[in-house]
Amino acid sequence: MPSDVVRVIYRKYDGRAHRDYPARCLATDDLGVWLGVPAGTESIYHGQPSVEQIPFVLLVPHHAWWTCMFNPPPRTSEVYCDIATPARWEGDDTVHLFDLDLDVVRRRGTGLVELRDEDEFAEHREQFGYPDDLVAEAETASRWLLGVLGDGSEPFATAYRKWLALVV
């Protein structure tokens, strides 16, 4: 099981820094590792120093091509899934992921589920030379998330709320 504090490191496929922040391990279950990030957490975003203004919970699945952030108001995205390579754990206190550009988002209030950044994915596919199997996994994960974020499937419906309550 991961330690109490876990460093979350996202890179782009070419190796450049994308996001990097510490998170508190809330739980590990059959879905994956639940990590809490309170407001005020110092982070790196798009390679630049940043401070998280709104808390969130991150679910890092055991073996999936996505991660999922669950957000409280006032953030307009209630659920924000990054299509990413499966998590690679370094010891029990660091998790590495490659962000693959595509995002699946459920909007607060309307419940609208949308696929975002297809143009960035296409551009980076060519620029970084995404292998065909990586493209297939990313597209499959995107299609699956487009369905489950809108159909009441857990943990995307309400199950995440108990973890989010620990960081808001």
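Just so it is clear, the values below take in all heavy atoms, side chains as well, and ignore hydrogens, waters and symmetry mates. We number each residue from 1, following the sequence as shown.
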Salt-bridge present ([X], [Y]; N to O < 4.0 Å):
X      : Y      : value
Arg7   : Asp20  : yes
Arg125 : Asp101 : no
Arg107 : Glu78  : no
Arg16  : Asp14  : yes

Q: Would you sort out whether Trp163 and Phe70 count as a side-chain contact (heavy atoms from CB on, under 4.5 Å), showing the intermediate values?
A: CA-CA 9 Å; Trp163 304 120; Phe70 299 95; over 6 Å; no
Donor-acceptor contact below 3.5 Å, side chain [X] vs main chain [Y]:
X      : Y      : value
Asp151 : Ser153 : yes
Glu137 : Ala141 : no
Glu154 : Gly152 : no

Heavy atoms only: give me the nearest [X]-[Y] pair and the separation to one decimal.
X      : Y      : result
Pro72  : Leu164 : N-CD2, 3.8 Å
Ala87  : Pro61  : CB-O, 4.3 Å
Ala138 : Leu102 : O-CD1, 4.3 Å
Val167 : Gly36  : CG1-CA, 3.5 Å
Val37  : Pro22  : CG2-O, 4.1 Å
His62  : Asp29  : NE2-O, 2.7 Å

Could you tell me if the side chain of [Y] sits less than 4.5 Å from the side chain of [X], heavy atoms only?
X      : Y      : result
Arg108 : Pro73  : yes
Arg24  : Asp4   : yes
Asp99  : Tyr13  : no
Asp103 : Leu115 : no
Cys68  : Phe56  : no
Lys12  : Glu120 : yes

Q) Centroid-to-centroid, Tyr45 to Tyr21, below 6.0 Å? A)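 They do not qualify: ring centres at least 6.0 Å apart.
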Q.
Name the residue from Val60, Leu59, Leu26 that meets the side-chain contact (heavy atoms from CB on, under 4.5 Å) definition with Leu35.
A.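 Only one option passes, and that is Val60.
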Q | Candidate pair Ile83 and Phe121, rule side-chain contact (heavy atoms from CB on, under 4.5 Å), full reasoning | A | CA-CA 10 Å; Ile83 302 302; Phe121 180 73; over 6 Å; no
Do [X] and [Y] land in one hydrophobic cluster if side-chain heavy atoms of ILVMFWY residues count as linked below 4.5 Å?
X      : Y      : answer
Phe128 : Phe98  : no
Val105 : Leu112 : no
Leu146 : Tyr160 : yes
Val113 : Val148 : yes
Val79  : Trp144 : yes

Q: Verify side-chain contact (heavy atoms from CB on, under 4.5 Å) between Val33 and Val6, making sure each step is shown before the conclusion.
A: CA-CA 10 Å; Val33 181; Val6 173; 5.6 Å; no
Supply the atom-to-atom distance [X] [atom1] to [Y] [atom2], rounded to the nearest 0.5 angstrom.
X      : Y      : atom1 : atom2 : value
Asn71  : Arg106 : CG    : CZ    : 10.5 Å
Thr85  : His96  : OG1   : NE2   : 11.0 Å
Leu58  : Tyr80  : CG    : OH    : 13.0 Å
Leu145 : Trp66  : CG    : CH2   : 6.0 Å
Leu97  : Trp89  : CG    : CH2   : 8.5 Å
Trp34  : Cys25  : CH2   : SG    : 12.0 Å

With a 6.0 Å cut-off (strictly less than), is the heavy-atom count around [atom1] of [X], excluding the residue itself, greater than 12?
X      : atom1 : value
Gln127 : CD    : yes
Asp119 : CG    : yes
His46  : NE2   : yes

**Q.** CA sep, side-chain torsions, deciding dist, call: Arg143, Thr140, side chain to side chain donor-acceptor pair (under 3.5 Å)
**A.** CA-CA 5 Å; Arg143 283 190 304 272; Thr140 297; 3.3 Å; yes
**Q.** salt bridge (charged side-chain N to carboxylate O under 4.0 Å, His left out) between Arg19 and Glu52, intermediate numbers included
**A.** CA-CA 11 Å; Arg19 286 189 311 235; Glu52 298 299 330; over 6 Å; no
**Q.** Step-by-step side-chain contact (heavy atoms from CB on, under 4.5 Å) determination, Phe156 to Cys81
**A.** CA-CA 10 Å; Phe156 308 104; Cys81 298; 4.3 Å; yes
